[in-house]
Amino acid sequence: MTTLLLKNADVLVTMDEARREIAGGGVFIRDGVIEAVGTADQLPTDADQVISLAGTVALPGLINTHHHMYQSLTRAIPGAQDAELFGWLRRLYPIWGGLTPEMIRVSTLTAMAELILSGCTTSSDHLYIYPNGSRLDDSIEAAATIGMRFHAARGSMSVGESQGGLPPDRLVEDEAAILHDTQRLIETWHDPRRHAMQRIVVAPCSPFSVSRDLMREAATLARHYGVSLHTHLAENDNDVAYSREKFGMTPAEYAESLGWVGHDVWHAHCVKLDTPGIGLFARTGTGVAHCPCSNMRLASGIAPTPAMREAGVHVGLGVDGCASNDAAHLLGEARQAMLLARVGHGPAAMNARQALELATLGGARVLGRDDIGALAPGMSADLVAFPTGGLDLAGAAVHDPVAALVFCTPQSVRHSIIDGKPVVSDGQFLPLDLPPLIATHNRLARQLANGTP
């Protein structure tokens, strides 16, 4: 048995049922699970390891519900910088066709390091392209190296250009092979237990890259094994037009017709989700990964997040792929969610604490988890602490240090604890040395863009 005591945070944001914010708060952890939360006089005084959180705001680890980590290799690619979704994809598909297993592994390590330093402790990743022997296992093994809580989504594309889809034919897979590999991954890697570090998600890519049959069969497979379902939906006007022309339905109607609604389903973006679609998602418990930076970058629009939240839709945050963001700063994503909601729907549309709730409890609900997103006894021991004494929070932390996290967005955590283990300590990233990783990542990014072996 191992114990860890985290104590004396300036403010501990619990996100518990009472939404307590505890001055001088701390957490006592045993074997990766929170045992006690409170002030110093309410916690044990001894532990195998003791970490002072003085000078920080501590909160539950943030949760990223949508990402394409391999895209960190293709940030700011010329020709894709000023395009909407479909044009952006057409520019990048040929480049992504050069991905290798090493590129998948290194890009995953890089993306996860960036996420963790910005306060994220749990992430989903939607990998839907597998050229040159690449496998989802390459991402999963990288996550284990980092020590991040990971929902690995086995994406897929099966409808190429010759069949009316968007991706090139050479990048799509046979549907039977997709289902077979998805089953293999579930049986090999999925952990259904509470506090699991690794789960598998069934995730055909999008309405414009897979068939109805694959969507139906994927849902059947996922429900047989009790795993979650994930895809893109209603991302922009062209996406909606494709669904209407190809299927004669709105994206939400199409999802419902295939069984892609329910507590075990979440959809990325939903920028153009209409009022009936919002009602459907609320009734069925279907989740949404809101990706404000990507939606702005690709000029997709402003998602109706206030209407979704008011209706009771589960909404979490996603940084989306690094080629459409082009960053992976999850606390920054919370800030953009707040600001974009205000641009679209007025100054009262979202406040700072609501944005933090999207990034914590909201993400947990979207991923179908009841063990992360809050600091309370019995919850997984995932906690991050941002320093309050730096230049970025000067003049803000003295007034409202919790809101200051969102309004001012400090760059990096001082501490990150995942599964009860320090991953960042006093600002130092512990799992690996970052400069050599960045050098390797940059070498591979050049190689991928240039199409050289």
Side-chain angles (χ1 to χ4, degrees), residues 64 66-78 80 89 91-157 171 181 185 188-189 197-198 200-201 203 205 294 318-330 412-413 416 418 423-424 428-453:
N64 179 35
H66 186 64
H67 206 337
H68 307 291
M69 295 185 183
Y70 73 89
Q71 291 181 13
S72 63
L73 293 160
T74 52
R75 300 187 194 198
I77 286 284
L89 284 168
R91 167 69 175 115
L92 290 168
Y93 278 143
I95 298 174
W96 295 337
L99 286 166
T100 65
E102 182 189 17
M103 290 175 181
I104 299 296
R105 182 183 64 82
V106 171
S107 62
T108 301
L109 292 173
T110 303
M112 286 188 169
E114 186 175 10
L115 284 169
I116 288 170
L117 287 167
S118 70
C120 182
T121 56
T122 298
S123 184
S124 174
D125 185 48
H126 191 189
L127 180 60
Y128 56 80
I129 187 167
Y130 298 92
N132 308 309
S134 298
R135 303 188 305 162
L136 187 61
D137 308 66
D138 302 319
S139 292
I140 294 168
E141 290 161 2
T145 299
I146 289 278
M148 191 173 209
R149 205 176 295 275
F150 192 37
H151 285 229
R154 206 301 182 180
S156 54
M157 300 191 296
L171 295 183
D181 189 56
L185 287 160
T188 303
W189 295 105
M197 290 294 291
Q198 173 61 58
I200 299 296
V201 181
C205 183
S294 176
V319 298
D320 201 11
C322 289
S324 69
N325 188 314
D326 292 51
H329 194 291
L330 196 52
S412 297
V413 296
S416 175
I418 305 177
V423 177
V424 179
Q428 181 69 34
F429 189 72
L430 300 179
L432 46 81
D433 191 12
L434 289 178
L437 173 65
I438 294 166
T440 300
H441 186 272
N442 286 339
R443 173 178 60 80
L444 294 173
R446 292 188 192 97
Q447 177 181 318
L448 182 62
N450 295 334
T452 57

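Just so you know, residue 1 is the first one in the sequence shown, and it goes up from there.
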>> When you measure from the side chain of His126 to the backbone of Ala203, do you find a donor-acceptor pair of N or O atoms at a distance under 3.5 Å?
In response: yes
> What's the shortest heavy-atom distance between Ala143 and Phe150, and which atoms?
Replying inline: CB-CD2, 3.4 Å
> With a 4.5 Å limit on heavy-atom distance, are the side chains of Leu444 and His441 in contact?
Replying inline: no
>> Can a donor-acceptor pair be found, under 3.5 Å and without considering hydrogens, that links the side chain of Gln198 to the backbone of Trp189?
In response: no
>> If you define the side chain from C-beta out and look only at heavy atoms, does anything of Leu136 sit under 4.5 Å from Asp181?
In response: no
Side-chain donor-acceptor pairs under 3.5 Å in residues 319-326, sequence neighbours left out?
residue, atom, partner, partner atom, Å
Asp320, OD1, His66, NE2, 3.2
Asp320, OD1, His68, NE2, 3.4
Asp320, OD2, His269, NE2, 3.4
Asp320, OD2, Ser294, OG, 2.6
Asp320, OD2, Ser324, OG, 3.2
Ser324, OG, Ser294, OG, 2.9
Ser324, OG, Gly321, O, 3.3
Asn325, OD1, Ala327, N, 3.3
Asn325, ND2, Val319, O, 2.7
Asn325, ND2, Ala327, O, 3.2
Asn325, ND2, Glu333, OE1, 3.1
Asp326, OD1, Arg297, NE, 2.7
Asp326, OD1, Arg297, NH2, 3.2
Asp326, OD2, Ala76, N, 2.9
Asp326, OD2, Arg297, NH2, 3.2

> Does some side-chain heavy atom of Val423 sit less than 4.5 Å from a side-chain heavy atom of Pro431?
Replying inline: yes
> Do you know which two heavy atoms are closest between Asn132 and Leu99, and how far apart they sit?
Replying inline: ND2-O, 2.7 Å
> With no hydrogens and no angle check, do the side chains of Ser72 and Ser107 hold a donor and an acceptor under 3.5 Å apart?
Replying inline: no
> Among Ile116, Asp125, Thr108, which residue meets the side-chain contact (heavy atoms from CB on, under 4.5 Å) test with Met148?
Replying inline: Ile116
> CZ/Phe429 to CE/Met112 distance, rounded to the nearest 0.5 angstrom?
Replying inline: 10.0 Å
> At their closest point, which heavy atom of Ala153 faces which heavy atom of Ser124, and how far apart are they?
Replying inline: CB-OG, 4.4 Å
> With no hydrogens and no angle check, is any side-chain donor or acceptor of Ser118 less than 3.5 Å from a backbone partner on Leu330?
Replying inline: yes
> Taking it one step at a time, do Ser123 and Met69 satisfy side-chain contact (heavy atoms from CB on, under 4.5 Å)?
Replying inline: CA-CA 10 Å; Ser123 184; Met69 295 185 183; 3.4 Å; yes
> What's the spacing between Asp433 CG and Ile438 CD1 if we round to 0.5 Å?
Replying inline: 9.0 Å
>> For Thr121 and Arg149: C-alpha separation, side-chain torsions, deciding distance, then whether side-chain contact (heavy atoms from CB on, under 4.5 Å) applies.
In response: CA-CA 6 Å; Thr121 56; Arg149 205 176 295 275; 5.9 Å; no
> Do any N or O atoms from the side chain of Thr74 and from the backbone of Ile77 form a donor-acceptor pair under 3.5 angstrom?
Replying inline: no
>> One pair to check against side-chain contact (heavy atoms from CB on, under 4.5 Å): Leu73 and Thr110. What are the steps and the verdict?
In response: CA-CA 9 Å; Leu73 293 160; Thr110 303; over 6 Å; no
> Out of curiosity, Ile129 CD1 to Ser156 OG, how far, rounded to the nearest 0.5 Å?
Replying inline: 12.0 Å
>> In the structure I gave you, are the side-chain heavy atoms of Leu448 and Ile95 within less than 4.5 Å of one another anywhere?
In response: yes
>> Would you compute the distance between atom CD1 of Ile104 and atom CG of Leu127 and round it to the nearest 0.5 angstrom?
In response: 5.0 Å
>> Is the terminal nitrogen or CZ of Arg105 (NZ for Lys, CZ for Arg) located under 6.0 angstrom from the six-membered ring centre of Tyr70 and within 45° of that ring's axis?
In response: no
> Would you call Thr440 and Asn442 a side-chain contact if the rule is heavy atoms closer than 4.5 Å?
Replying inline: no
> After noting the C-alpha distance and the side-chain angles of His329 and Leu115, does the key distance pass the side-chain contact (heavy atoms from CB on, under 4.5 Å) rule?
Replying inline: CA-CA 6 Å; His329 194 291; Leu115 284 169; over 6 Å; no
>> Please check: side-chain N/O of Arg154 versus main-chain N/O of Tyr128, any donor-acceptor pairing under 3.5 Å?
In response: no
>> As an exercise, state the distance from CH2 of Trp96 to CE of Met103, rounded to the nearest 0.5 Å.
In response: 14.0 Å
> In Å, rounded to the nearest 0.5 Å, how long is the span from CG of Asn64 to NE2 of His151?
Replying inline: 11.5 Å
> Which pair of non-hydrogen atoms, one from Met197 and one from Gly147, has the smallest distance, and what is that distance?
Replying inline: CE-O, 3.6 Å
>> Using a 6.0 Å cut-off, check whether atom CZ of Arg443 has over 12 heavy atoms from anything other than its own residue.
In response: yes
>> Can you confirm whether Ile146 sits close enough to Leu432 that some side-chain heavy atom of one is under 4.5 Å from a side-chain heavy atom of the other?
In response: yes
